[in-house]
Number of protein chains: 2
Amino acid sequence: MSSAVRRSTILEVARLAGISKTSVSRYFGDERERLSPTLQDRIAQAASTLDYQPNQMARGLKGGRSKLIGMLVADIRNPFSVAITHGVEQACRQYGYSLLVCNTDNDSEQERQHLDLLGAYQVAGLVVNATGSPEAQLQTFISHGTPVVLLDREISNVDAEVVGLDNQLAIDSALDHLSAQGYQAVLYVSEAPEQSSTRQRRLACFNEGAQQRALSHATLLLSSDTNTRQALSHFLAAHPQHACAVLCGNGNVTLTITRLFQQLGLPLGQFGLMGIDELDWCDLVPPGITTLAQPTDAIGKTALHCLRHRITPQTTPPPTTLSFAPTLIARGSTRR
Amino acid sequence: MSSAVRRSTILEVARLAGISKTSVSRYFGDERERLSPTLQDRIAQAASTLDYQPNQMARGLKGGRSKLIGMLVADIRNPFSVAITHGVEQACRQYGYSLLVCNTDNDSEQERQHLDLLGAYQVAGLVVNATGSPEAQLQTFISHGTPVVLLDREISNVDAEVVGLDNQLAIDSALDHLSAQGYQAVLYVSEAPEQSSTRQRRLACFNEGAQQRALSHATLLLSSDTNTRQALSHFLAAHPQHACAVLCGNGNVTLTITRLFQQLGLPLGQFGLMGIDELDWCDLVPPGITTLAQPTDAIGKTALHCLRHRITPQTTPPPTTLSFAPTLIARGSTRR
DNA sequence: ATACAAAATGGAACCGTTCCCATTCCGCGA
DNA sequence: TCGCGGAATGGGAACGGTTCCATTTTGTAT
């Protein structure tokens with residue numbers, strides 16, 4: 001059993017270099033220029049001999065703030081969430097932060113626990129893709145001076161920016177595309193909207209937009225597969241004289257509905273299919289599924305940008321865009 | 001500008017309850033039973049009044065160890081990695097750890113940096129899906145008493161368990177299935193094997209297994225799309241008298257090759273296609289793509305299990321299985 | 001009642017930093 | 001030569017916990 005060698009400390013470096021720990025601290029903090037070249041060399045030398053690295057725990061304790069960014073993700077297995085996380089992580093690294101990723105699996109109890117923990121780690125900021133409505137907890141963070149930014153889902157009574165897709169624009173683009181392609185009846189399928197402001201907004205925009213464009217339309221909430229199948233068949237049967245299309249509210253829905261199309265033997269294109277969120281496989285299911293891609297990297301980076309602006313307002317300009325435009329990727333599933 | 005309210009400290013709780021901070025520390029540590037019921041009540045009362053939560057930074061500093069588990073992921077956008085991460089994260093939560101996820105994007109420089117940082121955070125353990133061969137750094141962790149477990153990819157000279165798929169078994173299952181389905185010529189496609197012991201092992205097992213089964217075979221390393229397309233066509237042309245199949249070394253390869261099949265107009269099934277790693281869309285590309293699914297949750301959980309065993313050997317039994325069997329999901333792409 | 005062990009509680013040092021001061025050093029004008 | 005100001009450096013008190021050890025309280029057998 002290899003009995004743990006301790007990591008070396010600032011004091012050991014100072015001793016080896018024959019100087020005070022204050023100077024070593026300055027060297028590794030951001031005050032290197034205050035030190036004479038001689039000292040700098042001595043420190044560099046000693047530090048590399050001892051393989052020294054400042055202890056972040058001690059730093060965090062002393063400074064009252066760590067170099068950690070907490071991120072709450074509602075469903076880490078959703079490719080969209082992963083893509084955003086990737087963007088946030090990249091930005092973190094660029095600015096010297098590390099990312100503490102917490103997956104809530106869409107469970108508000110887990111969300112609560114994770115938030116408690118993140119508080120205990122004194123995170124410098126919080127990126128939240130909420131599951132429930134942890135308003136109170138988030139407000140606590142904010143009142144403790146920890147900035148919060150909301151991803152995709154908005155929460156009332158929380159003083160934080162919301163970064164995400166421009167839902168109005170997205171739905172409009174989708175409807176424009178569908179009607180340009182000659183579809184006259186559109187079914188919008190969404191997951192349960194209660195917990196998610198985004199889902200609610202997209203639903204509302206859809207209803208309004210479809211009405212404006214004089215499209216026959218209906219909406220459907222995903223529940224069990226059987227019910228969904230019936231509802232889908234029913235919608236198609238109800239519009240025999242029209243060209244019908246289905247618009248999927250997010251990637252999960254697209255997956256479910258595509259399966260259903262196959263089970264029901266509905267030929268893609270003749271029956272339109274379009275989804276919000278681009279997925280790896282959308283070009284693989286013949287003749288390809290039309291999607292609205294979200295600029296995930298930009299969204300992730302902007303989220304961190306917001307936090308940085310709140311952490312150090314003087315050095316960082318506020319982000320300009322919080323609502324991002326989707327990119328239409330037209331494929332065969334909306335070509336009649 | 002809301003001037004930060006400070007979080008309350010153990011001392012404040014102690015004062016409010018009229019007792020010493022030692023007792024409060026005991027209450028929040030794992031020595032609650034040493035306290036009289038009266039005291040426990042007083043503490044609970046005071047703590048909830050002040051909304052107190054122990055500061056993990058201070059804890060980590062004093063104890064020389066945090067309740068953080070570091071995880072290094074080579075490519076966070078790979079669904080397989082995500083699935084494993086999900087398993088690790090769940091297990092972490094169960095045992096009171098938080099997960100510091102670091103994505104290296106297959107870049108060894110990033111890997112190095114992230115490892116440095118994780119060290120600075122005094123992580124309690126490290127789950128590593130390596131990109132390069134950070135042997136020295138990992139050994140440093142181990143000699144500092146921080147246990148390491150390797151995910152999927154093995155690294156020589158590092159004293160750590162390797163958790164992952166039983167590659168021999170996987171390749172054997174694949175070849176058995178393919179030959180049972182009547183394919184006589186098999187092309188194995190892999191990504192660059194230099195950096196990954198798993199890829200090397202699968203390649204070796206494939207060559208050996210194909211030979212034993214008297215299959216015509218060849219291997220192909222993924223590079224540019226054009227080259228891959230040519231190589232694929234060439235392989236098929238070289239075996240006109242045989243039924244040909246392609247075996248994909250991981251999910252990325254499956255994606256690439258499936259695209260290629262479509263571009264080349266190769267009918268799935270007539271030309272066999274099979275992949276290691278199950279993906280969301282494998283049942284969506286008609287007639288479905290046969291895969292070997294990895295038990296990702298089990299792998300993730302086992303990884304953490306290994307760490308826990310090394311952290312507290314007395315309370316946790318050593319994990320029994322480190323190499324996991326895949327599950328064959330047979331679909332139309334291997335049905336002639 | 002007395003003695004004594006066990007249980008309950010508290011005091012204070014320490015973990016590795018940062019940062020406020022105080023101190024030392026050096027060059028330069030009077 | 002002296003005095004002075006600014007730059008370079010160091011001493012030591014926090015930060016918020018944990019933990020060793022000492023002390024007080026309680027229970028129990030004599």
Side-chain angles (χ1 to χ4, degrees), chain A residues 4-43 46-47 50-68 117 119-124 144-145, chain B residues 4-43 46-47 50-68 117 119-124 144-145:
Chain A
V5 184
R6 274 191 333 91
R7 323 181 98 239
S8 46
T9 74
I10 205 174
L11 193 60
E12 294 165 348
V13 175
R15 274 209 257 274
L16 179 60
I19 56 173
S20 82
K21 62 199 177 111
T22 304
S23 297
V24 182
S25 173
R26 291 205 172 102
Y27 182 83
F28 284 98
D30 286 320
E31 312 181 73
R32 211 167 280 198
E33 65 291 346
R34 286 182 51 180
L35 270 35
S36 70
T38 325
L39 252 211
Q40 294 194 27
D41 284 352
R42 294 243 292 282
I43 296 175
L50 294 178
D51 206 18
Y52 170 76
Q53 225 198 339
N55 180 327
Q56 295 286 356
M57 289 285 152
R59 281 190 160 172
L61 172 57
K62 179 62 188 176
R65 198 106 274 170
S66 69
K67 282 293 239 176
L68 291 171
L117 261 177
Y121 278 107
Q122 316 228 112
V123 293
H144 284 357
Chain B
V5 185
R6 272 192 334 92
R7 322 182 98 239
S8 47
T9 73
I10 204 173
L11 193 60
E12 294 166 348
V13 175
R15 274 208 256 274
L16 179 59
I19 56 173
S20 82
K21 59 187 187 138
T22 304
S23 297
V24 181
S25 172
R26 293 208 170 100
Y27 182 84
F28 284 98
D30 287 320
E31 312 181 75
R32 211 167 278 198
E33 65 291 349
R34 286 183 51 180
L35 269 35
S36 70
T38 324
L39 251 210
Q40 293 193 28
D41 284 352
R42 294 242 292 284
I43 296 175
L50 294 177
D51 205 18
Y52 170 76
Q53 225 199 338
N55 180 327
Q56 295 287 354
M57 290 285 153
R59 281 189 160 172
L61 174 56
K62 175 63 189 177
R65 199 105 275 169
S66 69
K67 282 293 239 176
L68 291 171
L117 261 176
Y121 279 107
Q122 315 227 113
V123 292
H144 284 356

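Labels below follow one simple rule: chain letters A, B, ... track the order of the sequence lines, proteins then strands, and each chain is numbered from 1. Heavy-atom basis, side chains included; hydrogens, waters and symmetry copies ignored.
Of the side-chain N and O atoms in B:Arg59, none sit less than 4.0 angstrom from OP1 or OP2 of D:dG17. Taking 4.0 angstrom as the limit, B:Arg6 places a side-chain polar atom (N or O) nearer than this to OP1 or OP2 of D:dG16.
Contact check of residues 9-21 of chain A against DNA chain D (heavy atom, cut-off under 4.0 Å) returns A:Ile19, A:Ser20, A:Lys21. Of all the residues in residues 32-40 of chain A, A:Arg34, A:Leu35, A:Ser36, A:Leu39 reach under 4.0 Å from DNA chain D with at least one non-hydrogen atom.
Counting 5' to 3', DNA chain C first comes under 4.0 angstrom of a heavy atom of chain A and last does so at the ends given by C:dG16 to C:dC21.
Here B:Ala58 pairs with A:Leu61, B:Asn55 under the side-chain contact (heavy atoms from CB on, under 4.5 Å) rule; sequence neighbours left out.
At a threshold of 4.0 angstrom between heavy atoms, the contacts of B:Thr22 include nucleobase atoms, whether or not backbone atoms are also involved. Residue contacts shown for A:Tyr27 are absent, as no nucleic acid heavy atom lies under 4.0 Å away. Within 4.0 Å (heavy atoms only), A:Gln53 reaches sugar-phosphate atoms of the nucleic acid but no base atom.
Computed from C1' positions of five pairs at each end, the angle between the two local axes of the helix from C:dA1-D:dT30 to C:dA30-D:dT1 equals 50°, rounded to 10 degrees.
When side chains are defined from C-beta on, B:Ile43 counts as touching B:Phe28, because their heavy atoms get closer than 4.5 Å.
Rounded to an integer number of Å, the gap from A:Met57 CE to D:dT18 P is 13 Å. One atom, CZ of A:Arg42, and another, C1' of D:dT9, lie 11 Å apart when rounded to the nearest Å.
Of the possible polar contacts, none joining the A:Gln56 side chain to the B:Leu117 backbone as a donor-acceptor pair under 3.5 Å is found.
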Nucleotide N/O to protein N/O under 3.5 Å, stretch nucleotides 23-25 of chain D:
none

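Counting atom types as modelled, B:Arg7 pairs no side-chain N or O with a base atom of D:dG16 as donor and acceptor under 3.5 Å.
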